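Worth saying up front: this structure is predicted, and the values here are computed from it rather than measured. Residue numbers count from 1 along this sequence.
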Amino acid sequence: MRLLVSLIAISVFLSNCGKKKEEQTEQEKAMELVDKITKEAENISNEEPKEVVDAKLLKELLPEEAAGLARKSAESEKVGAMGFMVSKAEARYKNDDSSIEVNIIDVAGTGALMGMAAWSMVDMDKETENGYEKTTTYKGNKAYEKYNSKNKDGEMAVIIGKRFVVSVKGRNIEMDKIKDTIDDIDLGKLEDLK
């Protein structure tokens with residue numbers, strides 16, 4: 001874990017080397033981010049390992065339909081590698097040219113959370129002529145939104161209980177429908193699974 005954090009710190013530092021003086025604040029922000037990630041990694045490594053929940057329980061939380069789109073598939077799995085266990089449930093919804101993918105992932109509070117939701121360590125709010133990308137709060141939980149209004153493609157992800165990542169990605173669909181899909185998932189029941 002510390003090696004991973006060190007590599008991130010070095011890459012951030014090197015990417016900022018040689019920039020103008022007015023851009024040094026960006027370098028300082030990057031170093032603050034690295035410090036924050038390092039502290040979070042240390043906190044996680046000091047915690048007792050937790051067992052991930054049964055992937056079938058996550059699958060039961062997947063909605064039957066999403067934004068009026070019929071569910072075409074649903075699956076769940078529990079996998080492990082390099083000391084990390086992950087439970088995951090996934091469903092796909094489709095109708096004509098529109099589609100939605102829902103993922104519910106349990107990383108049991110391990111460092112894998114930082115890899116799956118690196119956005120949880122930063123604050124951002126970016127807007128372009130084609131859309132936006134930002135971190136926000138959703139029902140008291142750290143969340144991430146990204147939407148391209150030109151292509152009508154977007155995603156929203158929420159961290160629940162410092163261990164679950166719920167994400168909804170949509171293609172050719174309005175952002176409100178993506179948010180409605182998050183609302184269709186019983187996040188309170190999900191948090192109670194831990």
Side-chain angles (χ1 to χ4, degrees), residues 44 47 49-121 124 131-194:
I44 289 170
E47 292 181 11
K50 299 172 192 160
E51 182 68 28
V52 294
V53 300
D54 187 336
K56 293 177 190 83
L57 296 174
L58 299 179
K59 185 179 176 186
E60 291 173 6
L61 296 172
L62 296 168
E64 288 296 318
E65 68 171 33
L69 305 180
R71 187 164 74 184
K72 299 299 181 182
S73 67
E75 57 189 60
S76 62
E77 66 178 335
K78 182 177 176 180
V79 296
M82 300 187 318
F84 294 111
M85 287 299 294
V86 174
S87 282
K88 177 182 177 183
E90 177 181 288
R92 288 186 169 77
Y93 307 81
K94 188 164 174 50
N95 186 12
D96 300 325
D97 293 335
S98 299
S99 65
I100 287 180
E101 180 182 315
V102 176
N103 286 284
I104 304 173
I105 303 167
D106 178 17
V107 296
T110 65
L113 180 63
M114 288 187 289
M116 300 180 122
W119 50 263
S120 67
M121 298 291 163
M124 73 172 91
Y132 69 90
E133 180 178 12
K134 67 179 179 178
T135 53
T136 186
T137 302
Y138 175 80
K139 295 185 178 179
N141 301 292
K142 184 80 175 192
Y144 169 80
E145 292 180 34
K146 182 177 182 180
Y147 191 71
N148 183 315
S149 52
K150 185 177 180 181
N151 299 334
K152 296 176 86 175
D153 293 343
E155 64 182 284
M156 183 172 182
V158 183
I159 296 177
I160 307 295
K162 295 185 178 181
R163 67 180 286 166
F164 300 103
V165 180
V166 177
S167 69
V168 176
K169 295 180 181 178
R171 300 188 76 179
N172 195 30
I173 201 155
E174 298 293 332
M175 188 63 182
D176 289 346
K177 299 291 186 183
I178 293 171
K179 291 180 179 181
D180 288 346
T181 302
I182 292 267
D183 287 336
D184 289 340
I185 300 167
D186 190 339
L187 301 180
K189 187 173 181 181
L190 176 62
E191 189 164 11
D192 290 342
L193 292 177
K194 60 182 177 179

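- For Glu145, the salt bridge (Lys or Arg N to Asp or Glu O under 4.0 Å) partners at least two apart in sequence or on another chain are Lys179.
- Under the 4.5 Å side-chain criterion, counting only non-hydrogen atoms from C-beta, Val102 is in contact with Val168.
- Counting heavy atoms from C-beta outward, Asn103 and Glu90 have side chains that approach closer than 4.5 Å.
- Using a distance-only test at 3.5 Å, with no hydrogens or angles considered, no donor-acceptor pair links the side chain of Asn172 to the main chain of Asn151.
- The shortest non-hydrogen separation linking Leu190 to Ile104 is CD1-CG2, 3.9 Å.
- Residues passing the side chain to side chain donor-acceptor pair (under 3.5 Å) test with Arg71, sequence neighbours excluded: Glu64.
- With sequence neighbours left out, Glu101 forms a salt bridge (Lys or Arg N to Asp or Glu O under 4.0 Å) with Arg92.
- Judged by distance alone, with hydrogens and angles left aside, the side-chain atoms of Lys150 form no donor-acceptor pair with the main-chain N or O of Lys152 at under 3.5 Å.
- Residue Met156 comes nearest to Ala143 through the heavy atom pair CE-CB, 4.4 Å, listed as atom of the first residue, atom of the second, then distance.
- The NZ atom of Lys177 sits 12.0 Å away from the CG atom of Asp183 when rounded to the nearest 0.5 Å.
- Counting only distance, with no hydrogens or angles, the side chain of Tyr93 and the backbone of Pro63 share a donor-acceptor pair below 3.5 Å.
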If you apply the rule side-chain contact (heavy atoms from CB on, under 4.5 Å), what do you find for Phe164 with Leu58, and how did you get there? CA-CA 10 Å; Phe164 300 103; Leu58 299 179; 4.1 Å; yes
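- Ser87 places a side-chain N or O within 3.5 Å of a backbone atom of Val53 that can act as its donor or acceptor partner.
- A distance of 8.5 Å separates NZ in Lys189 from CG in Leu57, rounded to the nearest 0.5 Å.
- A distance of 10.5 Å separates OG in Ser98 from CZ in Arg171, rounded to the nearest 0.5 Å.
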Any chance you could lay out the side-chain contact (heavy atoms from CB on, under 4.5 Å) test for Ile178 and Glu155, step after step, and finish with the verdict? CA-CA 7 Å; Ile178 293 171; Glu155 64 182 284; 5.9 Å; no
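- Rounding to the nearest 0.5 angstrom, the gap separating the CD atom in Glu191 from the CZ atom in Arg163 is 10.5 Å.
- In this structure, Thr135 contributes its side chain and Met124 its backbone to a donor-acceptor pair below 3.5 Å.
- Annotation: side chain to side chain donor-acceptor pair (under 3.5 Å) contacts of Lys59 (sequence neighbours excluded): none.
- Here the straight-line distance linking atom CD1 of Ile100 with atom CD1 of Ile173 works out to 3.5 Å at 0.5 Å rounding.
- Taking all atoms of both residues into account, the shortest heavy-atom contact from Ala55 to Ser76 is O-CB, 3.4 Å.
- Counting heavy-atom neighbours within 6.0 Å of Asp192 CG, excluding the residue itself, gives a total above 12.
- Asp176 contributes atom CG, which lies 8.5 Å from atom OH of Tyr147 (distance to the nearest 0.5 angstrom).
- Legend: residues meeting side chain to side chain donor-acceptor pair (under 3.5 Å) with Lys78, ordered by chain and number and at least two apart, are Glu51.
- For Lys139, the NZ atom is densely surrounded, since the number of other residues' heavy atoms within 6.0 Å is greater than 12.
- Judged as a side chain to side chain donor-acceptor pair (under 3.5 Å), and not counting sequence neighbours, Lys169 has no contacts.
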Please walk me through it: do Leu61 and Leu193 pass side-chain contact (heavy atoms from CB on, under 4.5 Å)? CA-CA 11 Å; Leu61 296 172; Leu193 292 177; 4.1 Å; yes
